[in-house]
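Working notes for the structure below.
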Amino acid sequence: MKQSQVRTRFAPSPTGFLHVGGLRTALYNYLFAKQNGGLFILRIEDTDRARLVEGAEQNILETLRIFGLDFDEGPIRQSDNLERYRQCAKELVAEGAAYGDNGAIRFRIIEDGATKFTDIIHGEIEIKNKTQEDFIILKSDGFPTYNLAHLVDDHDMAITHVIRGDEFISSMPKYIALHKAFGWELPQYAHLPLLLNKNRAKLSKREGDTAVKDFLDDGYLKEAILNFVALLGWHPSKSDREIFSLEDLIKAFKLEDVQKAGAIFDMTKLDWMNGEYIRRKSPRELLELAKPYSPTWVSDTQVGVGHHLDLEKIIALEQPRLKKLSELPGRTDYFFKEPEYDAVLLKWKQISDAEIKKSLETSKQILKSISDKNFGKENLEKIFLEKAGNLPAGKAGDRGELLWPLRVALTGKKASPGPFEIMEILGQKKAISRVESAISMLK
Ligand code: GLU
């Protein structure tokens, strides 16, 4: 028998923005089609008129575009195909497999025996037919239900592999009975594991049951989201590799290696992965990507500090620790405006206010003694560390005594990059004036 070309479909209902689970379904369908030289088709299942959400279809299309999951056919809308479903329902009535029920049409289930089928992921499955009931295929409003419409389309569109969520497994006896009634061949099925939270319960909004757009808006890179989503229920069988581009995935992905058990959605892992991708970008690329998070970002450099700041340097400073792009403005705000903080933050270990003040005075003297052109971080570090080594031991007796109050004076933050890199960017004038402000906060 001639092997037919692989044809997969992603068939979202436009009842909301595309969620992570939907993106995974789309991705797996795309990967399977592409690695088999097949076609990936987009079908919009819009027959449940009451649940349509405005903007949902557009969001689905836009999200697929962002992630590069380009479809070869579609979008095909079920609402354009109503006549065909009505015709099919009528056929079933004519042959006695379905019957009218208050304006709707129901398909008749034969409750004897069991339905057996093979799922690519789950293997052999057997479900007792008495778990099923006669079900509506055409509603009284003339619109088909999902149960009829998806199946007619999968047949008409010559879909070879139906890859979708687990929640449809329990209805497989219905679909197989319908295929029989039509005299159609079954496609192959692969049912994907549910997404669960760490406690193995259904995802809540806070735990990631969120539109993909929200993740993008929150500062996750598309490469990281895609990679993370690919690993929700799949990983390569013979390696620990975790970082994959879309191209890599086309080569490495195997539908048979998708796990049966629910896939845990681990936000910590997403953060880690995002950090990995952030580190792979150049500061210039990150600067572009981070712009939407701070509309005033670029103009701030002119106003706040009085001279032009090197944004790429600022970004490079944060790059090693950054988890999300959206953190960038908050982490770097002290470059653009005077820091605001409580004077207690200047305190290092148990040293007294007088000692803090002395420490800051020392920093001020050092800063004044360095010429502006020697304000590079290496030079600053050398001079400060020498000085710190020569200081008469205070209560803390370590270099934190000099460097902590200085760093806080510069940033107003508990945590930040080290003072030398920061001062190199801020420049001498600004560094001195911030140390002076800190001194004036201490009695
Ligand atoms: N419209 C269905 C959904 O969004 C599609 C399920 C399927 O792929 O068959 O859940």
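Both counts, for ligands and for their atoms, begin at 1 and track the order of listing. Every value quoted in this text rests on a predicted model; they were computed, and no experiment measured them.
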Ring centers of [X], [Y] separated by less than 6.0 Å:
{"X": "His122", "Y": "Tyr189", "value": "no"}
{"X": "Tyr146", "Y": "Phe168", "value": "yes"}
{"X": "His155", "Y": "Phe182", "value": "no"}

Exercise for the section: Starting from the C-alpha separation in whole Å, work towards a yes-or-no answer on side chain to side chain contact (heavy atoms under 4.5 Å, CB included) for Arg200 and Ile264. Expected result: CA-CA 7 Å; Arg200 307 209 134 261; Ile264 309 286; 3.8 Å; yes
Problem - Residues lining ligand 1 [heavy-atom distance under 4.0 Å, listed by chain and residue number] - result: Arg9, Ala11, Pro12, Ser13, Glu45, Tyr146, Arg164, Phe168
Handout entry: Ion pair Lys430/Glu338, N-O distance below 4.0 Å
Key = yes
Exercise for the section: Tell me whether the guanidinium CZ or amine NZ of Lys213 lies under 6.0 angstrom from the six-membered ring centre of Phe17 and within 45° of its axis. Expected result: no
